[in-house]
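Remember, predicted model here, so these are calculated numbers, not experimental data.
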Amino acid sequence: LGARLEGEAGSLGALDWSQGELLGGAERAAALRRVLRAAGVENPELALMLEVAARGLRTAVVQPTLKRFPARVEALDRWLGEPD
């Protein structure tokens, strides 16, 4: 899990600004939070950082991309709407 965290941190930090990358980054940040929670290693600071990252990246995705990937966007929005 530690190696995955390090890899994801580097990967998320290196995202370019293409719409596909932004959507994928939002999905990965949201998924990583769920993985950490399931593993029982999530802490409040890390959870908040991943939540802010996922929401910020999601906000940056423009309408044409949202329409192109409706299932992905719907799943992401569902994850982001889940209570803690």
Side-chain angles (χ1 to χ4, degrees):
L1 187 58
R4 177 167 180 198
L5 284 174
E6 286 184 31
E8 282 296 324
S11 180
L12 287 170
L15 287 176
D16 68 31
W17 294 103
S18 72
Q19 287 293 296
E21 287 278 318
L22 294 174
L23 179 56
E27 291 169 322
R28 290 185 4 236
L32 186 54
R33 184 170 181 207
R34 295 167 63 94
V35 167
L36 294 173
R37 187 180 309 139
V41 296
E42 181 182 54
N43 69 53
E45 184 178 339
L46 181 55
L48 181 59
M49 288 190 308
L50 290 169
E51 178 81 15
V52 168
R55 289 186 183 281
L57 291 166
R58 165 62 176 88
T59 300
V61 178
V62 297
Q63 196 63 34
T65 304
L66 299 175
K67 288 182 178 180
R68 184 173 174 204
F69 301 106
R72 290 174 63 187
V73 172
E74 182 181 320
L76 175 60
D77 289 346
R78 192 171 47 252
W79 284 359
L80 293 175
E82 289 179 353
D84 291 333

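- Taken together through direct or relayed side-chain contacts under 4.5 Å among Ile, Leu, Val, Met, Phe, Trp and Tyr, Leu50 and Trp79 form parts of separate hydrophobic clusters.
- Grouping the Ile, Leu, Val, Met, Phe, Trp and Tyr side chains by contacts below 4.5 angstrom, directly or via other members, places Phe69 apart from Val62.
- Annotation for Asp77 and Arg58: closest pair OD1-NE, 2.8 Å, computed over non-hydrogen atoms.
- Counting heavy atoms of neighbouring residues, nucleotides and ligands inside a 6.0 Å radius, atom CZ of Arg34 exceeds 12 of them.
- Salt bridge annotation for Arg78-Glu82: absent, with no cationic side-chain nitrogen under 4.0 angstrom from a carboxylate oxygen.
- Tracing side-chain contacts under 4.5 Å through hydrophobic residues (I, L, V, M, F, W, Y), one never reaches Val52 starting from Leu12; they form parts of separate clusters.
- Between Gln19 and Ala60 the shortest heavy-atom distance is NE2-O, 3.4 Å.
- Considering all non-hydrogen atoms of both residues, Ala29 and Ala53 come closest at CB-CB, 4.3 Å.
- A distance of 9.5 Å separates CG in Leu76 from CG in Leu66, rounded to the nearest 0.5 Å.
- Hydrophobic clustering of Ile, Leu, Val, Met, Phe, Trp and Tyr side chains at less than 4.5 Å, counting indirect connections, unites Val35 with Met49.
- Put simply, the side chain of Arg55 gets close to the backbone of Leu80: a donor and an acceptor are under 3.5 Å apart.
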**Request:** Carefully, step by step, assess Leu57 and Leu15 under the rule side chain to side chain contact (heavy atoms under 4.5 Å, CB included).
**Result:** CA-CA 10 Å; Leu57 291 166; Leu15 287 176; 4.1 Å; yes

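- Here the CZ-CG distance, from Arg37 to Leu32, works out to 11.0 Å after rounding to the nearest 0.5 Å.
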